[in-house]
**Student:** 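Take this structure first; my questions come after.
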Protein chains: 2
Amino acid sequence: MSTIRDVARIAAVSTATVSRVINSPEVVSPETRNRVAKAMKACRYQYNALARGFVTQQSYTLGLIVPSITNPIFAESIRGVQDFAHREGYQALLGNSDYEYAKEARLCEVLRERQVEGLIITTTKLRGKVLRDLLDDHFPLVLLYSTVRKGPISAVGVDNFRGGYSATEHLIHLGHRRIAMLAGRFSFSDKSLHRWHGYKKCLRDHRIPYDPALVLQTQYALENGREGIKALLALEQPPTAVFCSNDFMAIGAMQGAREVGVALPEGLSIVGFDDMAIASYINPGLTTIRQPAYEMGRLGAEILLSQIKRRDGRPIHKILETGIVVRESTAGLTVCEPKRNSSLTSGKHV
Amino acid sequence: MSTIRDVARIAAVSTATVSRVINSPEVVSPETRNRVAKAMKACRYQYNALARGFVTQQSYTLGLIVPSITNPIFAESIRGVQDFAHREGYQALLGNSDYEYAKEARLCEVLRERQVEGLIITTTKLRGKVLRDLLDDHFPLVLLYSTVRKGPISAVGVDNFRGGYSATEHLIHLGHRRIAMLAGRFSFSDKSLHRWHGYKKCLRDHRIPYDPALVLQTQYALENGREGIKALLALEQPPTAVFCSNDFMAIGAMQGAREVGVALPEGLSIVGFDDMAIASYINPGLTTIRQPAYEMGRLGAEILLSQIKRRDGRPIHKILETGIVVRESTAGLTVCEPKRNSSLTSGKHV
DNA sequence: TTGTACGCGTTATCAC
DNA sequence: GTGATAACGCGTACAA
């Protein structure tokens with residue numbers, strides 16, 4: 001590889017001039033500019049962005065950690081981050097935590113060693129050493145898919161409480177009273193926790209007793225939805241509807257229900273969370289809570305870059321809107337059933 | 001940020017010793033090692049991997065360009081690349097081309113400026129300037145999802161011809177004779193082209209006339225499958241089965257068929273390509289051609305790293321196995337229909 | 001076992 | 001408008 005020194009030698013100028021031709025050509029006289037351009041071609045010169053970063057102390061790189069790149073919802077957010085970052089001359093180093101805190105910690109370490117100027121993380125542990133260390137160092141940081149509304153860390157997310165509330169309310173309005181929830185593990189997903197709170201609050205507002213037997217914590221994948229719903233349907237008093245923490249679980253639940261002979265949506269109403277693209281293409285179409293995934297990523301990148309530029313700035317918290325998208329996976333309950341269920345439930349739990 | 005110089009000063013050793021503690025601690029006496037370790041903590045020293053790369057002329061970074069990160073099949077491959085790369089101390093800089101050659105070219109440029117040591121690309125144009133330039137520079141390069149079996153560029157892919165052949169054969173065995181194909185545009189997907197060749201060859205082997213009206217080139221997304229199948233079903237002699245270039249198109253086609261009142265699979269058999277995770281969770285389950293996406297990525301990374309280590313090595317071409325996964329989206333044709341179709345078809349095209 | 005000194009490719013600061 | 005040169009943080013001969 002040839003360097004600006006080679007170019008300088010060939011063009012019979014100094015390295016400073018070559019650098020100027022690259023970074024501010026207008027200050028160089030047209031003739032030398034031309035000579036330099038020719039010299040560059042002659043030795044097939046390739047610019048070294050790392051060397052620049054080395055002297056300017058800017059890597060123009062940011063780190064992006066998501067729990068699972070295979071989930072299209074995160075993939076969308078990654079696109080949002082990239083689109084904004086690229087426009088500003090930044091590249092992103094991407095990592096999966098696979099919902100494991102140890103991997104998240106390791107990635108942070110590696111990415112910081114590589115001099116990323118900031119990090120965008122969908123964290124699996126809000127109160128852990130990883131974030132605390134970052135904070136101690138005043139390291140530019142934005143949380144994605146987070147519900148943090150205040151505090152020292154910038155965050156962009158959605159109102160998960162309200163999302164959970166809307167999902168549940170939709171089911172209640174359809175006449176359901178025995179409503180289950182397939183939730184992501186609260187231990188590493190505050191999202192799921194808040195959705196659960198919304199679910200519980202909505203039940204209470206509608207005077208429906210909360211039955212812990214109807215809430216299952218599991219992982220965010222298809223197979224967990226499938227197995228989860230089977231467990232719930234095997235209960236003595238099975239649910240007539242289920243709210244799932246994400247669309248994968250919901251689609252898994254659909255399949256699980258079918259496998260045990262439950263008709264959809266008549267036998268079981270299902271609500272998901274995310275509104276991934278495929279949700280409107282399956283049968284029945286999935287009723288779900290829409291998250292603006294791309295926009296979240298884009299906004300996260302915007303906030304992070306603004307923080308990198310002015311490191312003294314106050315943290316920014318953005319809560320984007322969700323909305324319920326009603327499709328065919330939810331249906332009204334037949335007249336007598338809710339009565340029966342509710343009386344039994346209340347007899348047991350109130 | 002403190003540097004090894006700060007550490008050296010505090011520990012009262014030379015920078016060389018600090019460097020040795022980091023890279024080969026065993027050659028340093030335990031006591032100095034300890035002193036250095038303490039000094040590191042004292043000034044909150046953070047290692048700078050970029051500076052190392054700068055002197056060793058190795059960035060330990062590779063570039064990865066895929067057409068669409070939102071497609072889970074590519075996401076799986078990305079995981080495969082990352083898992084292998086991380087184990088070897090490499091990180092990946094990721095970019096989407098969105099199936100646009102200009103973006104692919106731009107990404108190559110940016111990534112090379114950033115000194116990636118090699119590139120893994122799912123290219124949209126096999127014979128373009130981008131690959132030719134890379135090749136001229138003897139730049140370490142591996143093509144992913146490619147069908148190149150020889151030539152100077154390393155590649156890992158599957159036998160798309162055979163995949164297309166199997167898909168078609170499965171449909172023929174079920175009694176179908178009027179078999180359509182929803183194909184990715186041949187102009188930027190040699191994959192799709194080869195699948196189409198397999199499809200045609202299989203028809204010929206079974207003495208079924210090829211009808212160009214049954215082949216639609218479109219994009220690789222859900223909505224294209226949906227609109228594509230509607231166009232095909234609106235033909236005077238509509239197909240009784242369709243082979244789609246990927247699962248997104250197939251799932252889109254399912255929805256499109258439903259929307260025009262065609263029952264699945266009785267009214268239309270559908271075969272996809274990829275076997276993304278969700279394929280077995282939709283209803284009816286999608287019959288599709290399985291690709292080992294994760295394995296492809298892993299192998300691609302392995303080949304690339306081996307090429308980086310010995311740049312003189314011969315190019316390596318790996319064709320992995322595909323296999324048909326039969327689910328419920330394909331069904332036999334009722335007895336008289338194929339006869340009617342085939343006679344009409346042959347009357348028209350033979 | 002440890003220290004000295006140089007170089008990696010670029011930008012920035014002075015001079016001229 | 002241009003040139004000389006000192007950084008940037010680290011690895012690595014080579015010397016001690």
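Convention: sequence-line order gives letters A, B, ...; per-chain numbering from 1. What you see is a predicted model; the values in this text were computed from it and never measured.
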**Student:** Step through the shown structure and confirm whether more than 12 heavy atoms of other residues, nucleotides or ligands are within 6.0 Å of CD on B:E31.
**Tutor:** no
**Student:** Please determine which of A:L193, A:D190, A:L126, A:I319 meets the side chain to side chain contact (heavy atoms under 4.5 Å, CB included) test together with A:T147.
**Tutor:** A:D190
**Student:** Each nucleotide in nucleotides 9-16 of chain D should get exactly one letter: B, S or -. Can you fill that in based on protein heavy atoms under 4.0 Å?
**Tutor:** BBBB----
**Student:** Does A:S189 reach the main-chain N or O of A:S192 with its side chain, forming a donor-acceptor pair under 3.5 Å?
**Tutor:** yes
**Student:** Let me know which of A:I73, A:V66, A:I121 forms a side chain to side chain contact (heavy atoms under 4.5 Å, CB included) with A:Y145.
**Tutor:** A:I73
**Student:** Check this one for me: any side-chain N or O of A:T17 less than 4.0 Å away from OP1 or OP2 of D:dT2?
**Tutor:** no
**Student:** Donor-acceptor check, side chain of A:T123 to backbone of A:K125, threshold 3.5 angstrom: yes or no?
**Tutor:** yes
**Student:** Got a sec, which residues hit side-chain contact (heavy atoms from CB on, under 4.5 Å) with B:A221, two or more places apart in sequence or on another chain?
**Tutor:** B:E223, B:N224
**Student:** Test your reading of the model: is there a side-chain donor-acceptor pair from A:H317 to the backbone of A:I153, 3.5 Å cut-off?
**Tutor:** yes
**Student:** Using 4.0 Å as the upper bound for N to carboxylate O, is an ion pair formed by B:E88 and B:K309?
**Tutor:** yes
**Student:** At the 4.0 Å heavy-atom cut-off to chain A, mark where contacts on DNA chain C begin and end, going 5' to 3'.
**Tutor:** C:dG9 to C:dA12
